[in-house]
Amino acid sequence: MTDERRAAEVLPVRFFGRPAEIIARELIGAVVVSQVGGLYTAGRIVETEAYLGYDDPASHGYRHRRNAQNAELYGRPGNWYVYLSYGMHWCANLVAHAEGSGSAVLLRALEPLAGLDVMRQRRGVESARLLCAGPGRLTQALGMSRALDGAAMRSSDVVVLRPEAAGGEVSVTPRIGITKAAEWPLRFVAAGSPWASRPARAASSPRGSFRGRSRG
DNA sequence: GCGCCGATTGGCT
DNA sequence: GCCAATCGGCGCC
């Protein structure tokens, strides 16, 4: 196994048995290690979003709606829920809170740490900036697909390691790319990270529109 | 059955 | 900034 996986601990199932917004915040700084296809890639989580299940209009678990695609969202906390977005891109979630709750945390961006050449080959781009900056990009870079859907993270080809040091500042903002309940403060970003799916807000915005607030 | 929509991305104006 | 690609789910009535 890799140096990263020896040096740190894979997150235990109990880590995920709490509300999704707590999981989403604490996952910032954790490291995702993939060995899909025998190829080693890894990245640090810099951006997540929480989807709260029954009461969250933007959640695939809203009112516990079920279909063939989202069945694994109702599995055990700590399981992968991977679905096809816009008919083209895989989006990877970790089930949170409680079995049947329909709540999960979406991985939105990683800082590439290892296997960048593998990522470049899978993504078909050279720029490190574009390897894992977005939910569809990071799954492609790490080889994550529907094959992971429903798998227990700890025993799958893609594991998440507990952050070794206390995390830095985390910014909380509205969620991206949705129309329902988008303004709920459920997007979490490593403050100032250049690896997020959107560049850090400019020091002064011409229109001064809201882009989020930093919290300690 | 038909048409629209979506937790996205990349190419073009 | 606009928009096509691409497909499963949903409402329609």
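Computed from a predicted structure; not experimentally measured. Quick note on labels: first sequence line is chain A, next is B, and so on, each numbered from 1.
- At the heavy-atom level, Asn70(A) lies nowhere under 4.0 Å from the strands shown.
- Map Gln140(A) and Gly177(A) each onto its nearest nucleotide of DNA chain B; the residue landing nearer the 5' end is Gly177(A).
- Protein atom CZ of Arg198(A) is 14 Å distant from nucleotide atom P of dA7(B), rounded to whole Å.
- dA5(C) and dT13(B): their P atoms are spaced 15 Å apart (whole Å).
- Among the nucleotides dG11(C), dG10(B), dT8(B), the one closest to any side-chain atom of Arg65(A) is dG11(C).
- Looking at the side chain of Asn67(A), the nearest of the listed nucleotides dG10(B), dA7(B), dG9(C) is dG9(C).
- To the nearest angstrom, P of dG10(B) lies 4 Å from CZ of Arg137(A).
- Heavy-atom neighbours of Arg63(A) CZ from other residues, nucleotides or ligands within 6.0 Å: at or below the threshold of 12.
- If you take atom P in dC5(B) and the same atom in dC13(C), they sit 14 Å apart, rounded to whole Å.
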Inset, instruction - Please step through side-chain hydrogen bond (donor to acceptor under 3.5 Å, both in side chains) for the pair Gln140(A) and Arg122(A), ending with a clear verdict. - result: CA-CA 6 Å; Gln140(A) 185 177 31; Arg122(A) 285 173 172 158; over 6 Å; no

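- When the side chains of ILVMFWY residues are joined at heavy-atom separations under 4.5 Å, either directly or via intervening members, Val172(A) and Leu186(A) end up in two distinct hydrophobic clusters.
- Rounding to whole angstrom units, OH of residue Tyr81(A) and P of dA7(B) are separated by 10 Å.
- Among the protein residues, Ile178(A) comes within range of the sugar-phosphate backbone only, with heavy atoms under 4.0 Å from sugar or phosphate atoms but none that close to a base.
- Between Thr179(A) and dG6(B) there is a side-chain N or O to OP1 or OP2 distance below 4.0 Å.
- The existence of a salt bridge linking Arg175(A) and Glu49(A) is excluded, since no basic side-chain nitrogen approaches an acidic carboxylate oxygen closer than 4.0 Å.
- Stacking is found between Tyr51(A) and the pyrimidine-like six-membered ring of the dA7(B) base under the 5.5 Å centre-distance and 30° plane-angle cut-offs.
- Per the geometry, CH2 belonging to Trp90(A) stands 15 Å off P belonging to dT9(B), to the nearest Å.
- The residue Arg108(A) sits close only to the backbone: its heavy atoms come under 4.0 Å of sugar-phosphate atoms, none of a base.
- The P atoms of dG1(B) and dT6(C) are separated by 23 Å, rounded to the nearest whole Å.
- When side chains are defined from C-beta on, Arg18(A) does not count as touching His97(A), because their heavy atoms never get closer than 4.5 Å.
- Relative to the ring axis of Phe188(A), Arg108(A) does not place its NZ or CZ within 45° and under 6.0 Å from the centre.
- One interatomic measurement links the two molecules: CG of Leu130(A) to P of dT8(B), which rounds to 16 Å at whole-angstrom precision.
- Between the C1' atom of dG10(B) and the CZ atom of Arg123(A) lies a distance of 9 Å, rounded to the nearest Å.
- In this structure, Arg175(A) places its CZ atom 14 Å from C1' of dG6(B), rounding to the nearest Å.
- When the nucleotides dA5(C), dC7(C), dA7(B) are ranked by their closest atom to the side chain of Leu84(A), dC7(C) comes out on top.
- When distances run from any side-chain atom of His60(A) to the nucleotides dA5(C), dT9(B), dA7(B), the shortest one goes to dA7(B).
- Whole-Å rounding puts the Arg122(A) CZ to dT9(B) C1' distance at 19 Å.
- Side-chain proximity of Gln69(A) to dG11(C), dA7(B), dG9(C): nearest is dG9(C).
- Base pairing of dA7(B) is not made with any nucleotide, judged by Watson-Crick or G-U wobble geometry with both donor-acceptor distances under 3.5 Å.
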